[in-house]
Amino acid sequence: MFSLVYLACSLAAVVAFQAYQAYIPNGDQVPNVCAIGTWPGVGHKAPLGAGTLNAFGRDFADAGHVWTDALCRRDSDLDGVSNGEELGDPHCHFTPTKPGHLLEATGHPGICEPIGSLACAWQNFTCF
């Protein structure tokens with residue numbers, strides 16, 4: 001019985017964050033900074049979402065879960081690259097209903113990269 005409850009809660013968390021992927025540019029194509037592939041839970045410290053929010057996740061929540069010009073131009077992870085640039089929307093034109101003209105996502109807006117560099121040492125993040 002416990003495993004069924006756990007499975008149901010896990011599926012609910014997965015469905016919840018997948019809905020947010022459509023609210024940001026390339027939300028389903030954000031590179032996984034720790035491994036090959038993507039980071040589906042972009043706003044979270046854990047790749048699959050749930051748990052602790054990263055800096056981008058907090059900023060996205062503060063913006064009402066809306067991709068705003070301010071959120072796009074912000075550098076949530078303090079790596080010197082705006083959220084929009086990392087997500088392939090350097091000119092901040094993305095809307096969920098008009099997603100065209102996006103470039104490829106080149107980084108993760110919530111994790112300072114490159115991990116382990118002197119510039120990102122403040123974040124105390126390690127891949128698990």
Query raised in the report: So, the side chain of D89 versus the backbone of H93: is there a donor-acceptor pair under 3.5 Å, distance only?
Result: yes

Looking at [X] and [Y], what are the two nearest heavy atoms and their distance?
X    : Y    : value
C112 : D77  : CB-O, 3.4 Å
L71  : S76  : CD1-OG, 4.4 Å
C34  : W39  : SG-CZ3, 4.0 Å
V33  : H108 : CG1-CB, 3.7 Å
V42  : V30  : CG2-CG2, 3.5 Å
C92  : D69  : CB-OD1, 3.5 Å

At what distance, to the nearest 0.5 angstrom, does [atom1] of [X] lie from [atom2] of [Y]?
X    : Y    : atom1 : atom2 : answer
L78  : I111 : CG    : CD1   : 13.0 Å
E113 : T106 : CD    : OG1   : 8.0 Å
C120 : I115 : SG    : CD1   : 8.0 Å
K45  : L53  : NZ    : CG    : 9.5 Å
I24  : N83  : CD1   : CG    : 9.0 Å
L102 : Q29  : CG    : CD    : 11.0 Å

Requested in this report: Under the side-chain contact (heavy atoms from CB on, under 4.5 Å) rule, what do L87 and F94 come out as? Steps first, then yes or no, please.
Outcome: CA-CA 10 Å; L87 293 175; F94 170 87; over 6 Å; no

Query raised in the report: Is it true that atom NE2 of H65 has more than 12 heavy atoms of other residues, nucleotides or ligands lying nearer than 6.0 Å?
Result: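 Count over threshold, so yes.
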
Query raised in the report: Honestly curious: do F56 and V81 fall in one hydrophobic cluster under the side-chain, below-4.5 Å linking rule?
Result: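 Per the 4.5 Å side-chain linkage, F56 and V81 are not co-clustered.
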
Report task. Please work out which of the three classes, parallel, tilted or perpendicular, describes the rings of F60 and Y20, given edges at 30° and 60°. Result ->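 The rings of Y20 and F60 stand perpendicular, inter-plane angle above 60°.
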
Requested in this report: Would you indicate whether the side-chain heavy atoms of W67 and C72 approach each other to under 4.5 Å?
Outcome: yes

